[in-house]
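See structure below.
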Amino acid sequence: MVRDSKRNSRQRRTNKEFFEEIIQGNTISPISLNDFRRYLEHKEHSYENLDFYKWYLTYCKRFNSLPLEQRGKSPPPTKHKLSMYHAKSPHNDDDSMNAFSRLKKQPSVSAEDLLGDDRKDSILELSKLEPAALNRMSFTYVDLELKDIEKNLSESNNTMDQPFRNTVDEAIKKYFSPNSDTEVNISSNIRTQLLKDAKKTTNPEIFENAISEVLSMLVNSSIPNFRAAAVQNIAPSTVMWRIIRTTIVLFICCGVLIWIFASRQEKWYRATVLPVLAWVIISYITNVKGVCLVNQFNGKREVLDFEEACDISQIYTRPLYYMVLPKSELLDKETDPRIQRERYKLAIMMIISTLLSCGALFASIMLIPR
């Protein structure tokens, strides 16, 4: 169980690193960012998750580039009860002493008592506290209720004056509206809280819970499936025809073996079907894994379902033995080295499996008496 836990943790870390490489644009076909989006769009039908994640990254950069005064108009949403502190060190700043002077003698105080009559000035006074002063404060018995803080913040800030208000409203309508075609699939409690917070502030932190859930779906579900699909160098649309072709050859091979046994031919006649059996075995493995050895060692591959359209000059003529299959272009396009390494590892494993299977099958056929 411990070993499985470590393996799963290592796999999740690998998937996360792979996802970050894609987002940063460090990958090329067939695992580029555009390829990933096309895969989500045509295969998993969840491209809105990636679009929302990209929008969130861009919005964070735009919001954090604003002046401090502008960002102050959209404070982060209050998520938990906020414990207040008072200063007991003689080296504390005067601002912190003034802001919390009334907390020393009171075991409990409400938000209205703390903020006083002039709430706006009191909030601004609290916002001016230096982090060093806050770190030197010790616990008191004072807890400010969430509703009190949210009420005062909403009264002191006009939401229409908040930065990027229209941008946030458009994002809410696009990704979290039930009537939207690009609605993000997140839990109802996270959606409810997000819609509530979005009415009060445009701070990017309102999307943190939603983005965590979307990122979990992308990394733990979409990325492994996309990576497995990208390793393939044959189009899924041709797999069924490959299986039919291989099955026909297998029946022919079985007929030849039956004729050899029925006519009591020499044992070495049986060896003539060994190359055909090897081809049948490796063809079935190819269909299961989606990696064709001929394409791999020739440096070519078929166009995948989710892949971008390629330049017609990159399309090569199909070999003769492919003519029995549906049309699928063979490409000599540059492939990401990560995918190339995985394909070569898979090809070597396929060859080893084929040799072992052929050896066992040939030995069984040869040991059958005449």
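If you're wondering where the values come from, they're calculated on a predicted model, not measured in any experiment.
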Taking Arg71 for the side chain and Asn203 for the main chain, is one N or O donor matched with an acceptor at less than 3.5 Å?
-> no
About how many Å separate CD1 of Ile190 and CD1 of Ile186, when rounded to the nearest 0.5 Å?
-> 6.0 Å
Examine the side chains of Asn189 and Ser187 and answer whether a donor and an acceptor come within less than 3.5 Å of each other.
-> yes
Give a yes or no on whether the backbone of Pro75 and the side-chain of Thr201 come within a donor-acceptor separation of less than 3.5 Å.
-> yes
Between Tyr53 and Phe19, does a ring pair (Phe, Tyr, Trp, His ring centres under 6.0 Å) hold up when you go through it step by step?
-> CA-CA 12 Å; Tyr53 182 76; Phe19 176 73; 5.4 Å; yes
Mind telling me whether Phe164 and Phe63 have parallel, tilted or perpendicular rings, with 30° and 60° as the class edges?
-> tilted
Hey, any chance Val239 and Val249 share a hydrophobic cluster, counting ILVMFWY side chains that come within less than 4.5 Å of each other, even indirectly?
-> yes
Would you indicate whether Asn26, at its atom CG, is surrounded by more than 12 heavy atoms from other residues, nucleotides or ligands within a distance under 6.0 Å?
-> yes
Would you mind writing out the side-chain donor-acceptor pairs for residues 274-288 within the sub-3.5 Å range, not counting sequence neighbours?
| from | atom 1 | to | atom 2 | distance (Å) |
| --- | --- | --- | --- | --- |
| Ser283 | OG | Trp279 | O | 2.7 |
| Tyr284 | OH | Thr247 | OG1 | 2.9 |
| Thr286 | OG1 | Ile282 | O | 2.8 |
| Thr286 | OG1 | Val291 | O | 3.4 |
| Asn287 | ND2 | Ser283 | O | 3.1 |

Flag if over 12 foreign heavy atoms under 6.0 Å of CD, Glu69 = no
Phe176 and Phe52 aromatic centres sub-6.0 Å = yes
Between the side chain of Thr182 and the main-chain N/O of Lys174, is any donor-acceptor distance below 3.5 Å?
-> yes
Compute whether any side-chain donor of one residue and acceptor of the other, for Gln340 and Gln296, lie under 3.5 angstrom apart.
-> yes
What's the verdict on salt bridge (charged side-chain N to carboxylate O under 4.0 Å, His left out) for Arg338 and Glu342, showing C-alpha distance, side-chain angles and the deciding distance?
-> CA-CA 6 Å; Arg338 303 171 186 80; Glu342 292 191 27; over 6 Å; no
Count the heavy atoms belonging to other residues, nucleotides or ligands that lie under 6.0 Å from CE of Met349, then report whether that count exceeds 12.
-> no
Please round to the nearest 0.5 Å and tell me the distance separating atom CG of Asp161 and atom CD of Gln70.
-> 9.0 Å
Parallel, tilted or perpendicular: which fits the ring planes of Phe207 and Tyr59, with parallel below 30° and perpendicular above 60°?
-> perpendicular
Would you kindly say whether Gln193 and Asn209 are connected by a side-chain donor-acceptor distance under 3.5 Å?
-> no
Under 3.5 Å, is there a donor-acceptor pair between the side chain of Ser216 and the main chain of Ser212?
-> no
Report the distance from atom CZ of Arg62 to atom CH2 of Trp55, rounding to the nearest 0.5 Å.
-> 9.0 Å
Exercise: do Glu44 and Ser222 side chains pair donor with acceptor under 3.5 Å | yes
Can we call the ring centroids of Tyr269 and Trp259 under 6.0 Å apart?
-> no
Give a yes or no on whether the backbone of Cys292 and the side-chain of Asn233 come within a donor-acceptor separation of less than 3.5 Å.
-> yes
Side chain to side chain contact (heavy atoms under 4.5 Å, CB included), paired with Ile352, selected from Leu355, Ile348, Thr354 = Ile348
Taking the side chain from Arg270 and the backbone from Ile368, do they hold a donor-acceptor pair closer than 3.5 Å?
-> yes
Does one hydrophobic cluster hold both Val273 and Leu356, with members joined at side-chain heavy-atom distances below 4.5 Å?
-> no
Pair Lys173-Asp169, salt bridge (charged side-chain N to carboxylate O under 4.0 Å, His left out): steps then yes or no = CA-CA 6 Å; Lys173 184 178 179 180; Asp169 290 342; over 6 Å; no
